[in-house]
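Okay, structure first, notes after.
Chain A is the first sequence line, chain B the second, and so forth, proteins listed ahead of strands; every chain is numbered from 1. In this text, all values refer to a predicted model and were calculated from it rather than measured experimentally.
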Amino acid sequence: MARLTSVGTNGRADIMCGRFSRWIGIEILLERFRPIVEVEYTKSYNVAPRTINPVLRSSDGVLLLSGMEWGLDLGKNRPINARAENLDTPMYRDAFLSRRAVVPVSGFYEWKDGRPYHITAGDIMTLGAIYNEINGHGSFAIITVEANDQMSDLHSRMPLIIENIEQWFGEHPPYQLVRPFDGSLDFTEVSTYVNSPRNDGEECIRPVSQTSLEDFFG
DNA sequence: CCAGACGTTGTT
DNA sequence: GTCTGG
DNA sequence: CCAGACGTTGTT
DNA sequence: GTCTGG
């Protein structure tokens, strides 16, 4: 579909969000989105695929905060990302037309040359996603688009960031929102502590320089 | 995304 | 190297 | 026609 | 469900 293929690819090697953080309090989400909450909210500095996470979705015009597994259940495969360019393929079409969601995160991680970076834009980012629901079990994939200029220093792809969730959850397929982020991102190099999915805690988002100083002064 | 396992037989 | 787990 | 696949990232 | 491969 022309509208989506215009997102394009640039062919450059690099990555996408395979890890994120969510350490804001739920009260910020409640204030900002006023959803009906049907999941036990948890904080994490190191959210990995295959974990259950709170996601926002619209059901009959009601905004719900539901628990879903990161990794879209397609039967055989469980993609954690869905390329925007493929949203009109049979595999994703129905989900994009009728099962859109956003994932509230504090930031997401990207690695370059073995070094992790934490990327934020304000206190919350809402990442565009599609989900399936099979026997009451929800699962989602985060949509990826081409990196914007800021991001392209680090990686060729980036997660889709949704700024207008009313439009995202609107009646018409929100093709116009499927594009690289046009706002400003903040990048923080962090400790490789975040590398292991078993590690959690504030150290994951601590700037690497601060970590070094604390190590130095012991 | 990164880390960690990566087999077989038989079965308290 | 490739697959699974988180 | 039926069977089988159906994804993404990166490849230091 | 739907597309591709044979």
Side-chain angles (χ1 to χ4, degrees), chain A residues 1 4-5 7-23 42-55 67-99 101 103 105-120 125 127-135 137-148 151-161 178 180 185 187-201 203-205 208:
Chain A
M1 150 190 330
L4 291 178
T5 52
V7 173
T9 58
N10 67 14
R12 187 132 36 100
D14 274 318
I15 104 185
M16 166 21 220
C17 158
R19 212 74 73 75
F20 62 81
S21 67
R22 180 189 56 249
W23 46 275
T42 56
K43 296 181 183 182
S44 172
Y45 293 91
N46 196 358
V47 178
R50 297 187 63 130
T51 58
I52 304 294
N53 291 277
V55 305
M68 294 196 192
E69 181 179 348
W70 187 9
L72 184 68
D73 188 349
L74 295 176
K76 184 183 178 187
N77 302 314
R78 292 182 164 275
I80 63 173
N81 298 139
R83 290 177 61 91
E85 296 87 337
N86 295 336
L87 288 175
D88 68 331
T89 63
M91 193 172 22
Y92 293 148
R93 185 181 298 138
D94 287 351
F96 182 67
L97 293 179
S98 58
R99 295 188 303 278
V103 186
V105 308
S106 299
F108 59 92
Y109 297 100
E110 300 283 2
W111 279 258
K112 176 155 181 148
D113 301 329
R115 294 198 298 274
Y117 296 82
H118 188 231
I119 298 144
T120 57
M125 273 190 282
L127 306 183
I130 53 179
Y131 70 93
N132 279 342
E133 197 163 30
I134 298 172
N135 299 327
H137 182 78
S139 62
F140 68 94
I142 294 172
I143 297 167
T144 66
V145 295
E146 187 176 11
N148 65 12
M151 195 66 211
S152 62
D153 292 337
L154 207 52
H155 300 299
S156 67
R157 307 286 299 177
M158 67 184 298
L160 173 61
I161 298 173
V178 183
L185 298 167
F187 297 78
T188 305
E189 187 180 347
V190 295
S191 156
T192 55
Y193 180 75
V194 74
N195 285 18
S196 172
R198 299 184 56 182
N199 291 339
D200 201 343
E203 182 169 350
C204 292
I205 61 166
V208 71

> Rounded to whole angstroms, how far apart are NE2 on A:His155 and P on B:dC1?
Replying inline: 9 Å

> Across all strands, who's sitting opposite B:dT8 as a Watson-Crick or G-U wobble pair, both distances under 3.5 Å?
Replying inline: none

>> The side chain of A:Tyr92 is closest to which nucleotide in this list: D:dT8, B:dC2, D:dT12?
In response: D:dT8

> On a whole-Å scale, what distance lies between the C1' atoms belonging to E:dG1 and D:dT9?
Replying inline: 26 Å

> What's the closest nucleotide to the A:Pro90 side chain, out of E:dT2, B:dC2, B:dC1?
Replying inline: E:dT2

> What interatomic distance, in whole Å, is found between P of D:dT11 and the corresponding atom of B:dC2?
Replying inline: 8 Å

> If only atom types and distance count, is the side chain of A:Thr51 paired as donor or acceptor with the main-chain N or O of A:Val47 below 3.5 Å?
Replying inline: no

> At under 4.0 Å, does any side-chain N or O of A:Asn81 touch on OP1 or OP2 of D:dT9?
Replying inline: no

> Can you tell me how far C1' in C:dG6 sits from the matching atom in D:dA5, rounded to whole Å?
Replying inline: 26 Å

>> Using the C1' atom as the point on both nucleotides, what is the distance between D:dT8 and C:dC3, in whole Å?
In response: 15 Å

> For the side chain of A:Arg50 and the backbone of A:Glu69, is there at least one donor-acceptor N/O pair under 3.5 Å apart?
Replying inline: no

> What does D:dA3 pair with, Watson-Crick or G-U, if both distances are under 3.5 Å?
Replying inline: E:dT4

>> Rounded to whole Å, how long is the line connecting atom CD1 of A:Ile130 with atom P of D:dT8?
In response: 9 Å

>> I need the single residue from A:Leu97, A:Asn86, A:Ile143 that forms a side chain to side chain contact (heavy atoms under 4.5 Å, CB included) with A:Tyr92. Which is it?
In response: A:Asn86

> Distance between the C1' atoms of D:dG7 and B:dC1, in whole angstroms?
Replying inline: 15 Å

> Taking CD1 from A:Ile142 and C1' from D:dT9, how many angstroms apart are they, rounded to a whole number?
Replying inline: 13 Å

>> Is there a side-chain contact between A:Arg83 and the phosphate of D:dT9, meaning an N or O under 4.0 Å from OP1 or OP2?
In response: yes

> Between B:dA3, C:dG6, E:dC3, which one does the side chain of A:Thr51 approach most closely?
Replying inline: C:dG6

> Is any side-chain nitrogen or oxygen of A:Thr144 closer than 4.0 Å to OP1 or OP2 of D:dT9?
Replying inline: yes

> Between atom CZ in A:Arg78 and atom C1' in D:dT8, what is the gap in whole Å?
Replying inline: 15 Å

>> Looking at A:Arg19 and A:Tyr109, would you say the former's side chain and the latter's main chain have a donor-acceptor pair under 3.5 Å?
In response: no

>> Which nucleotide wins on minimum distance to the side chain of A:Ser196, given the candidates C:dG6, D:dG7, B:dA3?
In response: B:dA3

>> Say we look at B:dA3 and D:dT12: how far apart would their P atoms be, to the nearest angstrom?
In response: 16 Å

>> Salt bridge or not between A:Arg115 and A:Glu189? Use side-chain N to carboxylate O under 4.0 Å.
In response: yes

>> Rounding to an integer number of Å, can you tell me how far A:Met158 CE sits from B:dC1 C1'?
In response: 16 Å

>> Using whole Å, what does the distance between atom P of nucleotide B:dC1 and atom CZ of A:Arg157 come to?
In response: 12 Å

>> Rounding to an integer number of angstrom, what distance separates B:dG10 and C:dT2 when you compare their P atoms?
In response: 32 Å

>> Distance check needed: C:dG5 C1' versus A:Glu69 CD, whole Å only.
In response: 11 Å

> Any donor-acceptor pair under 3.5 Å linking the side chain of A:Asn199 with the backbone of A:Tyr193?
Replying inline: yes

>> Nearest to the A:Arg50 side chain among B:dC2, C:dG6, D:dT12, which nucleotide is it?
In response: C:dG6

> Can you check the A:Leu74 CG to D:dA5 P distance for me, whole Å?
Replying inline: 14 Å

